[in-house]
Amino acid sequence: MKNLPVLVVHGGSGDIPVETRTVRVTGCRCAVDIGWAVLADGGSALDAVEAAVRVMEDDPAFDAGRGSFLNRAGEIELDGIIMDGRDLNFGAVAAVQRVRHPVTLARLVMAESEHAMLAGAGAEAFARERGLPPCPSWELVVEREVEHWRGETRVSSTSGTVGAAALDESGNLAVATSTGGMFNKHPGRVGDSPLVGCGAYADNRTGAVSATGEGEALMKVVISKAACDFMAGGMTAQEAADGAIALLTERTTGVGGLIVLDRQGRVGVAHNAPCIAYAYITAGGEVTAGIERQRTQTSNMRE
Ligand code: GLY
């Protein structure tokens, strides 16, 4: 029997000022539409999450691919991961430059290398070997981020990491996460996003999770794997999302958020950052998209 597919995406957590909320939600909505088209056509969860994340890597509204934050040297360094819930295979890239779609390079690492993660110049060399054309930095750097880096304008958002989690009609789960990391980070800094179990995790036995927020804190609690472990213990997607954020709050001083999809196709969204941008399409094709804002310690408000 075929499963009813589900796709959920996020477009980062953090302050997300009012004037940038529309573009974030629109970007999430576009990504979920493109990924959903893959699933609706009988495509795989892996293809769907890659397609959705590529859309957000192209969208300068997010801190991923084009439009990413600049590091202290005024350069973009990108991290990404993709994971297949069928066999726990994953591919990841860290601190790569001149790559338009880190999620696609991560998938090539998974599918066409004997390794699981490549970093820096070696990852770029692998991209060229596999036929990905070099992306000049002017294609990735946007004026807004140059102004931030020069101190001419205030950085208005703390995170615009992107991610997607999918369940396909065969019942397979997959996840992908992509980021430009923190504003003004030290060259070579790598956050949670490309680290398996931190920025993402997918296991057909439990669920699929993508995280966003302060990587140094998210790594401490291996947040995506923690959410999957909660589902293994019987929690729903929303309960697991809430539990993982409670763990982050209790054990670190960091903030972030995550999207969770369980193997029954239920969606969870949770955060202790002020906001998270998200969108999802569930079995009937109904779309939900918005910014969820934190209202109290225990109750969030979706808009
Ligand atoms: N969560 C993205 C980063 O810290 O790099």
Side-chain angles (χ1 to χ4, degrees), residues 9-16 24 27-28 53 56-57 59 61-73 75-83 90 92-97 99 102-103 105-106 117 119-120 123 140 145 148-149 155-165 175-201 209-227 241 244-245 247-249 251-260 269-278:
V9 307
H10 71 78
S13 61
D15 295 328
I16 316 186
R24 290 271 196 118
C28 287
V53 166
M56 292 188 281
E57 287 174 338
D59 185 339
F62 302 106
D63 174 34
R66 182 162 181 268
S68 289
F69 292 142
L70 303 186
N71 67 14
R72 280 182 208 173
E75 294 174 335
I76 282 180
E77 288 185 331
L78 304 169
D79 304 330
I81 187 170
I82 191 165
M83 185 165 187
F90 71 93
V93 293
V96 293
Q97 297 182 306
V99 173
V103 68
L105 182 56
M117 179 186 255
L140 296 174
E145 293 309 323
H148 285 159
W149 185 76
V155 178
S156 57
S157 175
T158 45
S159 167
T161 295
V162 305
V175 71
T177 303
S178 182
T179 191
M182 294 166 65
F183 171 69
N184 213 28
K185 64 188 179 183
H186 196 288
R189 179 264 186 191
V190 174
D192 62 298
S193 299
L195 305 183
V196 67
C198 300
Y201 201 76
V209 182
S210 173
T212 157
E214 294 173 9
E216 282 69 10
L218 299 169
M219 283 188 258
K220 288 182 182 173
V221 295
V222 195
I223 194 160
S224 295
K225 180 63 162 62
I245 289 298
L247 181 65
L248 179 70
T249 304
R251 300 294 287 133
T252 79
T253 55
V255 296
L258 73 175
I259 52 168
V260 179
V269 180
H271 56 108
N272 65 352
C275 304
I276 185 169
Y278 68 96

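Side-chain atoms are counted along with the backbone in the values below, which use heavy atoms only and exclude waters and symmetry mates. Order of listing sets the numbers, starting from 1, for every ligand and every atom in it.
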Considering only heavy atoms of [X], which atoms of ligand 1 have at least one such atom less than 4.0 Å away?
| X | answer |
| --- | --- |
| G215 | 4 (O) |
| D192 | 1 (N), 2 (C), 3 (C), 4 (O) |
| T161 | 1 (N), 2 (C) |
| S193 | 1 (N), 2 (C) |

Donor-acceptor side-chain pairing of T212 and T161 below 3.5 angstrom:
no

Quiz question: by atom type and distance under 3.5 Å, do the side chains of S193 and T177 form a donor-acceptor pair?
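No, no side-chain donor-acceptor pair sits under 3.5 Å.
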
State whether the number of non-hydrogen atoms from other residues, nucleotides or ligands found under 6.0 Å of R251 atom CZ is greater than 12.
no

May I ask you to check whether [X] has an N/O atom sitting below 3.5 Å from an N/O atom of ligand 1?
| X | value |
| --- | --- |
| G213 | yes |
| G181 | no |
| T212 | no |

Check whether any side-chain N or O of R72 sits under 3.5 Å from a backbone N or O of N184 as a donor-acceptor pair, and report yes or no.
yes

Polar side-chain atom of D79 near backbone of V190 as donor-acceptor pair, under 3.5 Å:
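Looks like no, no N/O pair under 3.5 Å.
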
I'd like to know whether ligand 1 has R189 as a neighbour, heavy-atom separation below 4.0 Å.
yes

Taking only residues two or more places apart in sequence, or in another chain, which ones meet K185 in a side-chain contact (heavy atoms from CB on, under 4.5 Å)?
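Result, side-chain contact (heavy atoms from CB on, under 4.5 Å) vs K185: N71, E77, M182, R189.
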
